Amino acid sequence: MTVIGLGPMGQAMVRAFLDAGVRVTVWNRTAARADAVVELGAERAATVAEALDANEVIVLSLTHYAAMYDVLGQAEGRLSGKVVVNASSDSPADTRAGAAWVRERGGRFLAAGVMAQPEGLALPASYIFYSGPREVFEEHRELLGLLASHEYLGDDDGLAQLYYQAVYAAFLPWFLGIEQAFAMIDQAGDDIGRFLPFAQRAMHDAEDFYAAMASAARAGGWGDLGNLRMMAAGAAHVVETGDDLGVDTSLLRSARAIWDRALAESERAGEPVPTYQLLRGAVE
Ligand SMILES: NC(=O)c1ccc[n+]([C@@H]2O[C@H](COP(=O)([O-])OP(=O)(O)OC[C@H]3O[C@@H](n4cnc5c(N)ncnc54)[C@H](OP(=O)(O)O)[C@@H]3O)[C@@H](O)[C@H]2O)c1
């Protein structure tokens, strides 16, 4: 097994393979970043060519797909017969282009989307999305399973990153949303710890909420005109409260703008236009 790219995630992957007794060869652009895993038993390749020659399976953990060209471009003649598992995050389109690039050079390819923090790779909650040719995944599923459990999504190379990015799309506003709430409490001079149980209480029904929203989305989206009016008014009140407290309300304003637009579109259309229709780009 070769691992190229030794940021926090690449190093965690190397440790997982070493812990499972797998021999690992490593290469990183900044050579000193390999020191810690070499100390644990990984073998340092002096060049990308050496790293590719050392093993059949090459895991990439790089910042983006552009880095893959920079790295593998140094030894592209050595890719024939290799299995490149790119665990870097990027758009599905860049992933598909990267897969084609590897195949044009005789390599085989799998895309991976790592749903974990580096320090939590071994935790049961961690998993990795894979996409690409099923036979390549099946041949290597046991080895890849040493990193974390896997979710194989299908032949389309872009799927692992589509699912990864979609999970992220749900996560980003949620992450900022709780910080926004804490900022409001804090700026009001109250105690974040006193508020916390109420924020947590709102999370208890998250699974049911997601399921209900999925049903609504499949049916065109949530909300009749009354619901949309209520949400738009509620969003306006949150923005007003945030402004009064002096917190940054840019996130809340974005949310408010979506409900305001849904309401305006509904009034124009004479029927409810749910926010889901706006978010999926179905309204001009
Ligand atoms: N960290 C996380 O929590 C996490 C979670 C899930 C997924 N991921 C994904 O996993 C990937 C790696 O994450 P990370 O946190 O380990 O990232 P990172 O710290 O940014 O490490 C990136 C690696 O990419 C290399 N690199 C970047 N540009 C390069 C270039 N042009 N040529 C050669 N090497 C280049 C860096 O080399 P140098 O050392 O020389 O700079 C480093 O080894 C990313 O795509 C990230 O989105 C990360």
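The shown structure was predicted, so the numbers you read here are calculated from the model rather than taken from an experiment. Both ligands and their constituent atoms are indexed starting at 1 by order of listing. All residue numbers refer to positions in the sequence shown, counting from 1.
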Item to check | Nearest-contact summary for atom 31 (N) of ligand 1 - protein heavy atom, Å | outcome: D70 OD2, 2.9 Å
Checklist entry - Should the heavy atoms of other residues, nucleotides or ligands under 6.0 Å from CD of E207 be counted, would the total exceed 12? => result no
Next on the checklist: If you take the nearest heavy atom of each of L6, L60, L62, which one is closest to atom 11 (C) of ligand 1?
Outcome noted: L62
Checklist outcome for this item: Min over M115, M9, R29 of heavy-atom distance to atom 34 (N) of ligand 1 lands on R29
Item to check | atom 47 (O) of ligand 1: nearest protein contact (heavy atom, Å) | outcome: S89 OG, 3.1 Å
Checklist outcome for this item: Counting from 1 in the order shown, the ligand 1 atoms closer than 4.0 Å to a non-hydrogen atom of V71 are 32 (N), 33 (C), 34 (N)
Next on the checklist: Less than 3.5 Å apart, any donor N or O on the side chain of T95 or D90 sitting next to an acceptor on the other?
Outcome noted: no
Item to check | Atom indices of ligand 1, in the order listed, that fall short of 4.0 Å to a heavy atom of P118 | outcome: 1 (N), 2 (C), 3 (O)
Next on the checklist: For atom 22 (C) of ligand 1, what's the nearest protein heavy-atom neighbour? Residue, atom name and distance, please.
Outcome noted: T63 OG1, 3.2 Å
Item to check | Intermediate values then yes/no, salt bridge (Lys or Arg N to Asp or Glu O under 4.0 Å), R44 and D35 | outcome: CA-CA 9 Å; R44 189 195 307 263; D35 292 352; 2.8 Å; yes
Checklist entry - What are the atoms of ligand 1, with element, lying closer than 4.0 Å to any heavy atom of V114? => result 6 (C), 7 (C)
Next on the checklist: Can you tell me which portion of Y65 lies within the under-4.0 Å heavy-atom range of ligand 1? Options are side chain, backbone, both, or neither.
Outcome noted: neither
Checklist entry - Would you say E119 has more than 12 foreign heavy atoms packed within less than 6.0 Å of its CD? => result yes
Item to check | For atom 12 (C) of ligand 1, the protein heavy atom that lies nearest, with its residue and separation | outcome: S61 OG, 3.3 Å
Item to check | Y168/Y164 aromatic ring centres below 6.0 Å | outcome: yes
Item to check | Intermediate values then yes/no, salt bridge (Lys or Arg N to Asp or Glu O under 4.0 Å), D248 and R253 | outcome: CA-CA 10 Å; D248 182 314; R253 284 174 191 281; over 6 Å; no
Next on the checklist: Does any N or O of ligand 1 fall below 3.5 Å from an N or O anywhere on T30, backbone included?
Outcome noted: yes
Checklist entry - What protein heavy atom sits nearest atom 21 (O) of ligand 1, and how far off is it? => result G7 CA, 3.6 Å
Item to check | ligand 1 versus N28: contacting region, heavy-atom distance under 4.0 Å | outcome: side chain
Checklist entry - Cation-pi between R256 and W259: NZ/CZ under 6.0 Å from ring centre and within 45° of the ring axis? => result no
Checklist entry - Just wondering, are more than 12 heavy atoms of other shown residues or ligands nearer than 6.0 Å to OH in Y152? => result yes
Next on the checklist: Under a 4.0 angstrom heavy-atom cut-off, which atoms of ligand 1 come close to A116?
Outcome noted: 5 (C), 6 (C)
Next on the checklist: Ring centres under 6.0 Å, that's the criterion: do F137 and H150 meet it?
Outcome noted: yes
Next on the checklist: Check D53 with K82, please: is the shortest side-chain N to carboxylate O separation under 4.0 Å?
Outcome noted: no
Next on the checklist: Closer than 4.0 Å to some heavy atom of S88 - which atoms of ligand 1 meet that?
Outcome noted: 45 (O)
Item to check | E138, CD: over 12 other non-hydrogen atoms inside 6.0 angstrom | outcome: yes
Checklist entry - Can you tell me the protein heavy atom closest to atom 28 (N) of ligand 1 and the distance? => result A67 CB, 3.6 Å
Checklist entry - Taking side chain as C-beta onward, heavy atoms only, is S126 less than 4.5 Å from L147? => result no
Checklist entry - Should you measure from each heavy atom of G5, which atoms of ligand 1 turn up under 4.0 Å away? => result 43 (O)
Checklist entry - Which ligand 1 atoms does A87 reach within 4.0 Å, using its non-hydrogen atoms? => result 10 (O)
Next on the checklist: I'd like to check which ligand 1 atoms, numbered from 1 as shown, lie under 4.0 Å from a non-hydrogen atom of R33.
Outcome noted: 19 (O), 38 (P), 39 (O), 41 (O), 42 (C)
Checklist entry - In the protein, which heavy atom is nearest to atom 7 (C) of ligand 1, and how far is it? => result Y164 OH, 3.3 Å
Item to check | atom 19 (O) of ligand 1 [closest protein heavy-atom partner, distance rounded to 0.1 Å] | outcome: P8 CD, 3.1 Å
Checklist entry - Ring centres of Y69 and W101 under 6.0 Å apart? => result yes
